[in-house]
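Here the structure is laid out as structure tokens; the discussion comes afterwards.
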Amino acid sequence: MSRPQPSVSLLIILLSAAALAATCRADPDPVEDFCVAAPGAGASNASMAFPFLPCKPASTVVPDDFFFAGHARAASTDNPFGVGVTPGNVDAFPGLNTLGISINRVDLAPGGVNPLHSHPRSAELVHVEAGEMLVGFVSTDGKFYSKVVREGESFVIPRGMLHFQYNAGTAAARAMTVFNSQLPGVVIAAQSLFGADPEIPDAVLAKSFQVDGDTIKLLKSKFRNG
Ligand code: GLV
Ligand code: MN
């Protein structure tokens, strides 16, 4: 008995799904088991940043290259936002190079906020480990999605969406945030708009936000250094 043949339309759907999965990945697939970033090959060295950092010779790779202790302690939250973010991207953790993942630790004092920001190259999974956080994002059609997320619970932020975490409890809160990119990038909204260097002209911001120039000057005074 001959096997039933898949229809042409089923084949087209399967091929389209495969193409979609391939194009929606955040980082390219690795071509070797690992490629620990060579010392000094940080992404801040723009000539080396795409798509991966250069590898150190495999013969020199040691177990410590796959180990990161930077999240064992909280970052200080003693700042106007009440937040401490400890990045665990490929710059901090060279063993992540080519693996398409990274992880941050976010500490929030009571009432603290990790202010509105977005990641151009990655979705973000927020896993709350202690306390409770209001976590939210705004979609491209202006809809606001938020939840109070408690210990052991998770919330996902789609790639590129403006989002925040706010400590809605009375004790310190902690989350691990996981990314499907070794270098998600971050655009902090207020900092980008009011702290850009060189500065965005007041007239552009005043018109964009439909406020007067004094309001823009006040906002710039909070985000521009010096
Ligand atoms: C949290 O939003 C983070 O980017 O680590
Ligand atoms: Mn984030």
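As the structure lists them, so they are numbered: ligands from 1, and atoms in each ligand from 1. Since we're looking at a predicted model, the values are computed, not measured.
Under a 3.5 Å cut-off, the side chain of Asn114 and the backbone N or O of Val106 do not form any donor-acceptor pair. Counting only distance, with no hydrogens or angles, the side chain of His163 and the backbone of His117 share a donor-acceptor pair below 3.5 Å.
Note that CD of Glu32 is 7.5 Å distant from OG1 of Thr98, once rounded to the nearest 0.5 Å. Between Arg105 atom CZ and Thr86 atom OG1 the span is 6.5 Å, to the nearest 0.5 Å.
For the Mn ion (ligand 2), the count of nearby protein N/O/S atoms, taking only those under 2.8 Å, is 4.
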Report all N/O contacts between ligand 1 and the protein shorter than 3.5 Å as a table of atom names and distances to 0.1 Å; if there are none, say 'none'.
unit_1, atom_1, unit_2, atom_2, d
ligand 1, 2 (O), Asn114, ND2, 3.4
ligand 1, 2 (O), His117, NE2, 2.9
ligand 1, 2 (O), Glu124, OE1, 3.1
ligand 1, 2 (O), Glu124, OE2, 2.7
ligand 1, 2 (O), His163, NE2, 3.2
ligand 1, 2 (O), Gln165, OE1, 3.3
ligand 1, 2 (O), Gln165, NE2, 2.8
ligand 1, 4 (O), His117, NE2, 3.2
ligand 1, 4 (O), His119, NE2, 2.8
ligand 1, 4 (O), Glu124, OE1, 3.2
ligand 1, 5 (O), Asn104, ND2, 3.0
ligand 1, 5 (O), Thr177, OG1, 2.8

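Taking a 6.0 Å sphere around CG of Asp78, one finds it holds 12 or fewer heavy atoms contributed by other residues, nucleotides or ligands. Few gaps surround CZ on Phe144; more than 12 heavy atoms of other groups in view lie less than 6.0 Å from it.
Glu199 pairs by the side-chain hydrogen bond (donor to acceptor under 3.5 Å, both in side chains) definition with Lys220, not counting sequence neighbours. By the side-chain hydrogen bond (donor to acceptor under 3.5 Å, both in side chains) test, Glu129 is found to be paired with Arg174, residues two or more places apart in sequence or in another chain being considered.
Side-chain contact check for Asp141 and Ser139: at least one donor-acceptor pair (N or O, by modelled atom type) lies under 3.5 Å.
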